[in-house]
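Presented below is the structure to which this report refers.
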Number of protein chains: 2
Amino acid sequence: MTTTPHIPVRDLSLKHLRQSCVNCSLRELCLPIGLSTEEMRELDTLITQAKPIKRGEALYRAGEPFRSLFAIRLGFFKASVISEDGREQVTGFHMTGELMGMDAVSSDLHTCDAIALEDSEVCELPFTDMEELSRRIPILQHHFYKLMSREIVRDHGVMLLLGNMKAEERIAAFLLNLSQRFAIRGYSASSFHLRMTREEIGSYLGLKLETVSRSLSKFQENGLIKVQNRLIEIINPDALKQLINNCQQ
Amino acid sequence: MTTTPHIPVRDLSLKHLRQSCVNCSLRELCLPIGLSTEEMRELDTLITQAKPIKRGEALYRAGEPFRSLFAIRLGFFKASVISEDGREQVTGFHMTGELMGMDAVSSDLHTCDAIALEDSEVCELPFTDMEELSRRIPILQHHFYKLMSREIVRDHGVMLLLGNMKAEERIAAFLLNLSQRFAIRGYSASSFHLRMTREEIGSYLGLKLETVSRSLSKFQENGLIKVQNRLIEIINPDALKQLINNCQQ
DNA sequence: CGTACGTTTGATGGGGGTCAAGAAAGGTGG
DNA sequence: CCACCTTTCTTGACCCCCATCAAACGTACG
C-alpha cells in the first residue's frame with residue numbers, strides 16, 4: 001500500500017502509485033534509467049506508504065538496525081556522525097529525491113543520524129526486497145551501484161573541500177552547490193532558504209559558526225550575495241565561482 | 001624492496017589463481033561470505049591474471065573510461081583527486097586485499113588517480129561481468145553493496161577527522177589506522193614502513209608536510225613512537241588513542 | 001660521487017578558533 | 001496581538017595553531 005502526499009491519500013489508483021514513484025521520492029532512482037511500466041509497477045509494490053517526519057525528528061539514528069533505505073519524497077535532512085568523544089560532524093545535507101541510509105549497508109547498522117530540518121516525507125525501501133528485485137532487473141541493480149558510487153564521489157569532493165580550501169572558499173562552494181541542487185529540482189538557483197543553522201553549516205564545512213556568519217557578512221558587503229537571516233540571494237554567482245578557483249593552493 | 005608474494009608470479013595455474021583469490025587480492029571479497037567451491041570457481045574465471053604495477057605507475061587516472069574494479073593482490077596505492085585549479089587531495093591509501101575504483105561506477109569514468117607507492121600486483125575485475133555474476137550469486141551482490149557502503153563509512157570517518165580534529169590528533173588517528181590495517185593482514189601492528197611521503201600524508205590529512213614532520217618528531221620526543229625516516233615504531237598506542245579522544249572538541 | 005628529492009627544524013605571520021556580549025528571530029502561552 | 005523566553009545570529013577583541021618561508025641535513029639513485 002503506497003500513499004502519496006500531494007495526491008489525496010484515499011485516491012490510490014495504480015496510476016497514482018506510479019506517479020508517486022516517478023514524480024517524487026524516487027525521481028533519481030527510477031526516472032533516468034528507463035524501466036518498463038511493468039518493472040516500475042514491481043518497484044512500486046516494494047515501496048511503503050510515504051511516512052511523514054516532522055522537523056527536528058530523526059528518521060533513524062546511529063546504532064539502530066538497518067532494514068531500509070529512505071528516499072526523500074519531500075523535505076530536507078541532515079546526516080551526521082557523532083564521534084566517541086561527542087563531536088558532531090555533519091556528513092551531508094539531503095533534499096527531495098535523494099536517497100539516504102546507504103552507509104548502513106556495510107554493517108547492518110545505521111552509522112549516522114538522519115534528522116529532518118523541515119517537515120518532510122520519506123518513502124521506505126526495504127533493502128532485502130530491493131536487492132531481490134534488482135537481481136531480476138539488471139538496470140536497477142546497476143543503478144543502485146551507481147547511486148552508491150555517486151555518494152563516494154560526493155564524499156571525495158567534501159574531503160577536497162575540507163582538506164584544501166580556506167573558509168570563504170568553502171562557504172562559496174557550499175552556496176553554489178545548494179544553488180545548483182535547488183535549480184535541478186525546479187526551484188530558484190539565485191534565491192533560496194537555508195534549512196540549517198550556521199552551526200550545522202560550520203560542522204559540515206569544518207568551520208565554527210562565527211566564521212560562517214562572518215564569511216556570509218563579508219560576501220554581502222562585497223555584493224556577492226544578500227543575506228537575510230536564512231534567506232540567501234545569490235547576486236554574483238560568477239564571483240563565487242572565481243573565489244573557489246582563484247585561490248591557487 | 002617489496003615484500004615477496006606468497007605465490008610466485010610466474011606460477012599461474014588455475015589452482016593458484018583460485019588461491020590468489022582466496023589468499024590475497026580478494027580476501028575481503030570472497031573469504032568472509034562463504035561462497036561454495038563452484039561459485040568460487042565461477043568467480044575465478046572472471047578474474048584476469050594478476051597484473052604488476054611498478055612503483056610510481058598509475059593503475060588508472062581520473063578521466064579514463066571505467067571498465068574494471070581492481071583488487072590489490074599485493075602492494076600499496078594512493079588514490080587522489082585533482083581539483084580544477086590543480087590542488088591534489090589524497091582520498092585514501094589502499095593496501096593488499098582492498099578494492100579500488102568503486103568511485104568510477106557512477107559516471108563510467110575514473111574520478112581519481114590510483115598510483116602505486118610500491119611495486120604492486122592487482123587483479124582486474126571487469127565490472128559488467130561482475131554485475132552479471134552477482135545477479136546469479138545473491139550473496140556476492142550483497143557483498144558488493146557492502147563493500148561500497150564500507151567505502152562511504154570510511155569517507156565519513158575521514159570527514160570527521162578533517163572537520164574536527166587538530167593536527168596531532170589527525171596524525172595519531174592516521175598511525176593507529178595504518179597499524180590496525182597492517183595487523184589485520186598479519187603484519188606487525190607496532191612497527192611498519194610508511195609507503196608515502198610526508199607530503200602525501202599531509203594531503204590526506206589536510207595538513208602541510210612540515211606539520212606532519214613536526215607532529216611525528218613531537219610524538220617521538222614524548223616517547224609515543226619512534227621514527228626513523230619512514231619506519232615507524234609505535235611505543236605507546238594507548239597514549240595515541242588517548243590523544244584522539246581526550247581533546248574534547 | 002653529485003644531484004635531486006625528501007625531511008627536519010627554526011622564525012614569522014595570518015587565518016580562523018575562542019570568548020563574550022548584544023541583537024534579531026522564532027516559538028509559546030496568555 | 002503582545003509579552004516572554006529561547007534559540008540563533010552577528011560583531012568585536014584576542015590569541016593560538018598551523019601555514020608559510022627559509023635553510024640545512026639526510027637519503028636515494030643515477
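Quick caveat, the model's predicted, so the values are computed rather than measured. Proteins come first, then strands; the chains are lettered A, B, ... in the order of their sequence lines, and each starts at number 1. Heavy-atom basis, side chains included; hydrogens, waters and symmetry copies ignored.
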Check: Going by the angle between their ring planes, with limits at 30° and 60°, are B:Phe76 and B:Phe182 parallel, tilted or perpendicular?
Finding: parallel
Next item on the list: May I ask you to decide if B:Ile234's main-chain N or O and B:Ser190's side chain share a donor-acceptor pair within less than 3.5 Å?
Entry: no
Checklist line | Whichever of A:Thr211 and B:Met196 has its nearest DNA chain C nucleotide further upstream toward 5' | finding: B:Met196
Only distances under 3.5 Å count here; give the side-chain donor-acceptor pairs of residues 53-60 of chain B to other protein atoms, sequence neighbours excluded, each with its distance to 0.1 Å.
residue, atom, partner, partner atom, Å
B:Glu57, OE1, B:Lys54, N, 3.2
B:Tyr60, OH, B:Gly101, N, 3.2

Notebook entry, point to check: For DNA chain D, whose closest nucleotide is more 5', that of B:Arg55 or that of B:Gly206?
Noted result: B:Gly206
Notebook entry, point to check: How sharply is the helix from C:dC1-D:dG30 to C:dG30-D:dC1 bent, taking the axes over five pairs at either end and rounding to 10 degrees?
Noted result: 60°
Next item on the list: Kindly say whether, by distance alone, the side chain of B:Glu168 makes a donor-acceptor pair under 3.5 Å with the base of D:dC17?
Entry: no
Margin query: Can you tell me whether the side chain of A:Arg195 and the base of D:dT8 have a donor-acceptor pair closer than 3.5 Å?
Written below: no
Below 4.0 angstrom from OP1 or OP2 of [N], is there any side-chain N or O of [X]?
X        : N      : value
B:Arg198 : C:dG6  : no
B:Lys208 : D:dT20 : yes
A:Asn229 : C:dG26 : yes

Item checked: d(CG, A:Leu207; P, C:dT18) in whole Å -> 11 Å
Mind checking [X] for me? I need base, sugar-phosphate or nothing, with any heavy atom below 4.0 Å counting as a touch.
X        : answer
A:Gly202 : nothing
A:Arg170 : nothing
B:Leu216 : nothing

Side chain of [X] (C-beta onward), nearest among [options]:
X        : options                : value
B:Arg230 : C:dG6, D:dT11, D:dT10  : C:dG6
B:Arg214 : C:dT7, C:dG10, C:dT18  : C:dG10
A:Ser213 : C:dT8, C:dT7, D:dT11   : D:dT11
B:Glu210 : D:dT10, D:dT20, C:dG16 : D:dT20

Next item on the list: Test B:Val227 against B:Phe219 for side chain to side chain contact (heavy atoms under 4.5 Å, CB included), laying out the working first.
Entry: CA-CA 9 Å; B:Val227 188; B:Phe219 286 173; over 6 Å; no
Check: So, B:Ser80 versus B:Glu88: side-chain donor-acceptor pair below 3.5 Å or not?
Finding: yes
Notebook entry, point to check: Taking 4.0 angstrom as the limit, do B:Lys218 and B:Glu221 come out as a salt bridge?
Noted result: no
